[in-house]
Asker: 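Input: one structure, supplied below.
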Amino acid sequence: MTLPRSFFARPAPVVAPELLGCLVTHAGVTVRLTEVEAYTGEGTDPGSHAFRGRTPRTEVMFGEAGHLYVYFSYGMHWCANVVCGDEGEAQAVLLRAGEVVAGHDVAALRRARVRERDWARGPARLTSTLGVDRSHDGADVCAPGAAVTFAPPVEPVRPDAVRTGPRVGVSGPGGDGTAYPFRFWLDAEPTVSAYRPAVARRRTS
């Protein structure tokens with residue numbers, strides 16, 4: 001059973017905590033999500049890539065819920081989000097971290113010389129372990145025969161196991177954990193990434 005489009009067609013801060021424990025599968029590996037972040041989009045969330053409107057990079061975010069938005073981070077890594085909400089809202093949930101629960105042999109090859117706990121501990125590591133990259137930008141995870149799929153948790157997640165706080169590495173107002181407590185994770189999970197606030201970049205003269 002895969003998650004239907006109606007699951008994603010809701011506000012990102014509602015979808016995000018419900019993605020915890022869900023299973024993401026691609027190319028022989030399945031990851032159980034243990035950490036995610038919500039982004040609410042144009043004009044509402046200064047931490048979102050879509051805050052200032054449409055660009056070629058963010059076009060997918062303004063489309064139908066249930067598609068992947070994959071972007072290049074720091075010129076080195078791919079990060080994957082799933083689009084949420086109604087068309088035109090540009091809401092999304094970043095897949096931050098998870099635990100490999102199937103396809104360990106394949107994951108070990110993709111993450112050679114990395115300890116198992118860290119295979120998908122962080123958004124770039126997660127996409128690398130799943131084999132997701134730029135070619136998956138816009139992929140429909142709800143379509144029949146989808147390459148990347150989302151399935152419900154094998155066991156329900158206890159509400160008291162869910163934690164929330166500020167998003168990792170988001171600078172300015174979007175990093176305010178009181179206004180935007182949009183990072184969600186499962187308590188006591190070793191695969192959850194370490195929280196790091198944004199670091200202001202020094203200007204060079």
Side-chain angles (χ1 to χ4, degrees), residues 1-10 12-39 65-70 73 77-84 92-133 136 139-143 145-165 167-168 181-196:
M1 175 184 173
T2 58
L3 296 176
R5 200 174 309 282
S6 58
F7 175 89
F8 300 104
R10 298 176 296 157
V14 174
V15 175
E18 293 186 20
L19 277 172
L20 295 174
C22 288
L23 307 176
V24 186
T25 301
H26 177 254
V29 174
T30 297
V31 169
R32 179 178 70 95
L33 294 174
T34 58
E35 181 186 8
V36 295
E37 287 178 348
Y39 291 85
H67 290 253
L68 291 184
Y69 164 51
V70 182
S73 176
H77 308 294
W78 298 107
C79 297
N81 305 252
V82 60
V83 176
C84 300
V93 174
L94 171 67
L95 312 181
R96 273 210 61 87
E99 173 197 9
V100 174
V101 294
H104 291 76
D105 291 347
V106 177
L109 291 173
R110 291 178 182 155
R111 306 290 292 145
R113 298 181 296 280
V114 175
R115 58 180 175 174
E116 185 173 337
R117 185 198 74 166
D118 293 334
W119 281 351
R121 189 172 180 247
R125 294 170 176 177
L126 187 151
T127 54
S128 177
T129 296
L130 286 171
V132 169
D133 58 24
H136 299 95
D140 186 351
V141 303
C142 302
V148 182
T149 61
F150 286 70
V154 174
E155 297 181 3
V157 171
R158 301 190 327 272
D160 63 353
V162 177
R163 298 289 180 266
T164 185
R167 295 173 294 198
V168 176
F182 290 167
R183 175 178 171 243
F184 302 89
W185 68 95
L186 293 176
D187 189 38
E189 285 281 348
T191 56
V192 171
S193 62
Y195 172 72
R196 294 184 180 89

Asker: Dump the intermediate steps for side chain to side chain contact (heavy atoms under 4.5 Å, CB included) on Leu3 and Leu19, then the final yes or no.
Answerer: CA-CA 10 Å; Leu3 296 176; Leu19 277 172; 4.1 Å; yes
Asker: Contact between Trp119 and Thr191 at the side-chain level, heavy atoms closer than 4.5 Å - yes or no?
Answerer: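 No, their side chains stay 4.5 Å or more apart.
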Asker: Is the backbone of Val162 close enough, under 3.5 Å, to the side chain of Trp185 for a donor and an acceptor to pair up by distance?
Answerer: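 Answer holds: no.
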Asker: Please confirm whether Arg167 makes a cation-pi placement over Tyr39, using NZ or CZ under 6.0 Å from the six-membered ring centre and within 45° of the ring normal.
Answerer: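 Yes, Arg167 lies over the aromatic ring of Tyr39.
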Asker: When you compare the side chain of Val29 with that of Arg110, does any pair of heavy atoms fall below 4.5 Å?
Answerer: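 Of all side-chain heavy-atom pairs linking Val29 with Arg110, at least one is under 4.5 Å.
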Asker: Which heavy atom of Pro123 sits nearest a heavy atom of Leu94, and at what distance?
Answerer: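 Where Pro123 meets Leu94 most closely, the heavy atoms are CB-CD1, 4.2 Å.
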Asker: Looking at Phe8 versus Phe150, is the centre-to-centre ring distance below 6.0 Å?
Answerer: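 Yes.
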Asker: Does a side-chain heavy-atom distance below 4.5 Å link Val192 with Asp187?
Answerer: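 No. Closest side-chain heavy atoms not under 4.5 Å.
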Asker: Can you name the closest pair of heavy atoms from Pro13 and Pro17 and give their distance?
Answerer: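 Looking at all heavy atoms of both residues, the shortest contact is O-CD, 3.1 Å.
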Asker: Where the side chain of His67 meets the backbone of Val83, is there a donor-acceptor pair that is under 3.5 Å apart?
Answerer: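 Such a contact is absent between His67 side chain and Val83 backbone.
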Asker: Any ion pair linking Glu35 and Arg163 (charged N to carboxylate O, less than 4.0 Å)?
Answerer: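 Glu35 and Arg163: not salt-bridged.
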Asker: OH of Tyr69 to SG of Cys84: how many Å apart, nearest 0.5 Å?
Answerer: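 Result: 14.0 Å between the selected atoms.
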Asker: CG of Leu68 to CG of Asn81: how many Å apart, nearest 0.5 Å?
Answerer: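 It is 8.5 Å, given to the nearest 0.5 Å.
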Asker: Do the non-hydrogen side-chain atoms of Asp118 and Arg125 ever get within less than 4.5 Å of each other?
Answerer: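 Sidechains of Arg125 and Asp118: in contact.
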Asker: Under 3.5 Å, side chain of Arg183 to main-chain N/O of Glu37, donor-acceptor pair present?
Answerer: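 Between the backbone of Glu37 and the side chain of Arg183 there is no qualifying donor-acceptor contact (under 3.5 Å).
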Asker: Can you check whether Val148 reaches Thr25 side chain to side chain, under 4.5 Å on heavy atoms?
Answerer: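 No, too far: nothing below the 4.5 Å cut-off.
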Asker: Do Val132 and Val70 come close enough that some side-chain heavy atom pair is under 4.5 Å?
Answerer: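 The answer is yes, as the side chains (C-beta and beyond) meet within the 4.5 Å cut-off.
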Asker: Do Arg5 and Asp140 come close enough that some side-chain heavy atom pair is under 4.5 Å?
Answerer: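 They are in contact (side-chain heavy atoms under 4.5 Å apart), so the answer is yes.
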Asker: Got a second to check how far Leu95's CG is from Cys22's SG, nearest 0.5 Å?
Answerer: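 The SG atom of Cys22 is 10.5 Å from CG of Leu95, to the nearest 0.5 Å.
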Asker: Without swapping roles, check the side chain of Arg111 against the backbone of Ser128 for a donor-acceptor pair under 3.5 Å.
Answerer: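 No, the answer is negative, given that no donor and acceptor are paired below the 3.5 Å cut-off.
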Asker: Between Thr2 and Cys142, is the side chain to side chain contact (heavy atoms under 4.5 Å, CB included) condition met? List the steps.
Answerer: CA-CA 7 Å; Thr2 58; Cys142 302; over 6 Å; no
Asker: Could you check whether Arg10 pairs with Glu18 (Lys NZ or Arg NE/NH1/NH2 to Asp/Glu carboxylate O, under 4.0 Å)?
Answerer: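 Between Glu18 and Arg10 there is a salt bridge, with a charged N closer than 4.0 Å to a carboxylate O.
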Asker: Quick one: OG1 on Thr129 to NE2 on His104, what's the gap to the nearest 0.5 Å?
Answerer: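 Rounded to the nearest 0.5 Å, the OG1-NE2 separation comes out at 11.0 Å.
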Asker: For residues Ser193 and Ala97, report the shortest heavy-atom separation together with the two atoms involved.
Answerer: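 Answer, listing the atom of Ser193 first, then Ala97: N-CB, 4.2 Å.
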Asker: Would you indicate whether the side-chain heavy atoms of Val157 and Leu186 approach each other to under 4.5 Å?
Answerer: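 Yes, their side chains come closer than 4.5 Å.
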Asker: Would Val31 and Leu130 count as a side chain to side chain contact (heavy atoms under 4.5 Å, CB included) here? Give the steps.
Answerer: CA-CA 8 Å; Val31 169; Leu130 286 171; 3.8 Å; yes
Asker: Between Val100 and Thr30, does the side chain to side chain contact (heavy atoms under 4.5 Å, CB included) criterion hold? Intermediate values first, please.
Answerer: CA-CA 6 Å; Val100 174; Thr30 297; over 6 Å; no
Asker: Please check if atom CG in Asp160 has more than 12 non-hydrogen atoms from other residues, nucleotides or ligands closer than 6.0 Å.
Answerer: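 Enclosed: over 12 neighbouring heavy atoms sit under 6.0 Å from CG of Asp160.
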Asker: If you compare all heavy atoms of Val101 against all heavy atoms of Leu23, which two are closest, and at what distance to 0.1 Å?
Answerer: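 Heavy-atom minimum between the residues: CG2-CD2, 4.1 Å.
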Asker: About how many Å separate CG of Leu20 and CZ of Arg32, when rounded to the nearest 0.5 Å?
Answerer: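 It is 9.5 Å, given to the nearest 0.5 Å.
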Asker: State, to 0.1 Å, how close Ala38 and Ala16 come at their nearest heavy-atom pair, and which atoms those are.
Answerer: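 Closest pair (atom of Ala38, atom of Ala16, distance): CB-CB, 4.0 Å.
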Asker: Kindly say whether Glu189 contributes a backbone atom to a donor-acceptor pair with the side chain of Thr34 at under 3.5 angstrom?
Answerer: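 Side chain of Thr34 to backbone of Glu189, a donor-acceptor pair under 3.5 Å: no, none is there.
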